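Not measured: the values here are computed from a predicted model.
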Amino acid sequence: MPGKLQRDTTRNYIVIHNDGAGLNAASTRKILQRRRLAYHYFIGRDGKIYQWKDLKHQAFHAGVSLYEGIPDWNKFSIGICLQGNNLFPYTNEQYQALTLLVNYINMRYPDSKDKPILGHSDVAYPKKRKKDPGEHFQLWRINNDITNHP
């Protein structure tokens, strides 16, 4: 596993992923470790939140990435993985947990509140290389919930 590289915490974007297979947290983590990848957080279908990397460290979740002319999203973004794949809707419990987690990140890094929440499909390069979190991901549910919580 790569060393603990410090994350640039002056640009705090949130990038949403899915594990692609709907595996449980332990299985997903094993696969990621073999591939030398990581997310900061994983949210199970039951809404349980697992923290896998400290937010001050880089997590290797974005791969080759470019969005609006900005490369290397692993260096500064916060990766959150939802258990699931592009074929099935996410659970209410996952949206509730993701809302809590995004609110926590917004409190810890207030600049993240002013940035769009992006999907892996938004930042992966070349475009269309990745499709997660998929067409069933309802970003509006997160944004609506965040605006309703101080």
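To the nearest 0.5 Å, the span separating CG on L82 from OH on Y41 amounts to 14.0 Å. The distance from atom CH2 of W52 to atom CG of L37, rounded to the nearest 0.5 Å, is 11.0 Å. Summarising the geometry, atom CH2 belonging to W73 is positioned 8.5 Å from atom CG belonging to D122; distances are rounded to the nearest 0.5 Å. In this structure, Y104 OH and N106 CG are separated by 11.5 Å, a value rounded to the nearest 0.5 Å.
Heavy atoms from other residues, nucleotides or ligands lying under 6.0 Å from OH of Y125 number 12 at most.
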- For Y90 and N18, what are the C-alpha separation, side-chain angles and deciding distance, and is it a side chain to side chain donor-acceptor pair (under 3.5 Å)? CA-CA 10 Å; Y90 298 99; N18 65 43; 3.0 Å; yes
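Contact record, A38 with A59: O-CB, 3.7 Å, taken as the closest heavy-atom pair. Nearest approach of R129 to V64, heavy atoms of both residues: NH2-O, 2.8 Å.
Among H40, Q58, H61, the one residue that satisfies the side chain to side chain donor-acceptor pair (under 3.5 Å) test with S77 is H61.
Taking the ring axis of Y109 as reference, the NZ or CZ atom of R7 stays within 45° of it and closer than 6.0 Å to the ring centre.
Between the side chain of Q94 and the backbone N or O of Q83, at least one donor-acceptor pair lies under 3.5 Å.
Between H120 and H17, the ring planes lie tilted relative to each other; the angle falls in the 30° to 60° range.
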